[in-house]
Amino acid sequence: MNLANEAGRTLHQTPLKLALDQSIRTAPFYLCKVPAGFPSPANDYMEDELDLNVFLVQHKSATFFFRVQGDSMREAGILDGDIVAVDRSLEPQHGLIVIAVVNGECTIKRLHKSRSGIELRAENPNYPPIAIAADTQLEVWGVVCGVVRRYPA
């Protein structure tokens, strides 16, 4: 398996611009939860307005958006074509999903730290873990803090 090819298929390497000077766009956010099981009566109680910038972005100057390419994170709910919000100011910790640069190639994986070392793990059984050896160049670029998916209308 060619690590560089696998990593490159997972994530476009160009961040999407976050326009900080745009006016805030919001949509109604309702207090009632939408059941994913059995239907329930609808509520008309609006809680607030939802601004995805506020919801996804904690640190504006350190947050970037990337479009995901590939299916290595599908079991984590991150699919091909999704946009992930990545915060560079967050501490990469065991179990978090990160954007990593491995030997010069970007990838999105779950960070796994143990006494035996560091691995970047896919959330798809078709992809083996990437073990970080002593001679592997690794830079954790940021922590994934959200995902956005748009469905066709």
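One-based numbering along the sequence shown.
Distance check, rounded to the nearest 0.5 Å: CD1 of I118 to CG of L138 gives 6.0 Å. We find the CD-CD distance between Q137 and E105 to be 11.5 Å, quoted to the nearest 0.5 Å.
Smallest separation of non-hydrogen atoms from A122 and M73: CA-SD, 4.0 Å. A100 approaches L120 most closely through the heavy-atom pair CB-CD1, 3.8 Å. The nearest pair of heavy atoms linking R88 to F64 is CD-CE1, 3.9 Å. In plain terms, the two heavy atoms of A85 and T63 that are nearest each other are CB-CG2, 4.5 Å. Nearest heavy atoms, S72 versus I108: OG-O, 4.0 Å. The two residues V98 and P92 come nearest to each other via the heavy atoms CG1-CB, 4.3 Å.
With sequence neighbours left out, N126 forms a side chain to side chain contact (heavy atoms under 4.5 Å, CB included) with R74, N124. In this structure S116 satisfies the side chain to side chain contact (heavy atoms under 4.5 Å, CB included) test together with S114, sequence neighbours excluded. Contacts of A134 classified as side chain to side chain contact (heavy atoms under 4.5 Å, CB included), with partners at least two apart in sequence or in another chain: none. Residues passing the side chain to side chain contact (heavy atoms under 4.5 Å, CB included) test with R110, sequence neighbours excluded: A76, I97, E123. With sequence neighbours excluded, the residues forming a side chain to side chain donor-acceptor pair (under 3.5 Å) with D82 are R149, listed by chain and number. Legend: residues meeting side chain to side chain donor-acceptor pair (under 3.5 Å) with Q93, ordered by chain and number and at least two apart, are absent.
A heavy-atom distance below 4.5 Å is found between the side chains of N103 and T136. Inter-residue side-chain proximity for L96 and V144 is flagged as unmet; no heavy-atom pair is nearer than 4.5 Å.
The hydrophobic clustering, which links ILVMFWY residues whose side-chain heavy atoms are closer than 4.5 Å, places L79 and I83 apart.
With hydrogens and angles ignored, the 3.5 Å screen pairs no side-chain donor or acceptor of D87 with any backbone N or O of V143. Judged purely by atom type and a 3.5 angstrom limit, R121 has no side-chain atom pairing as donor or acceptor with the backbone of K109.
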Worksheet item: Step by step, would you call D80 with Q69 a side-chain contact (heavy atoms from CB on, under 4.5 Å)?
Response: CA-CA 5 Å; D80 184 51; Q69 181 180 9; 3.9 Å; yes
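Within a 6.0 Å sphere centred on CD of E139, other residues, nucleotides and ligands contribute more than 12 heavy atoms.
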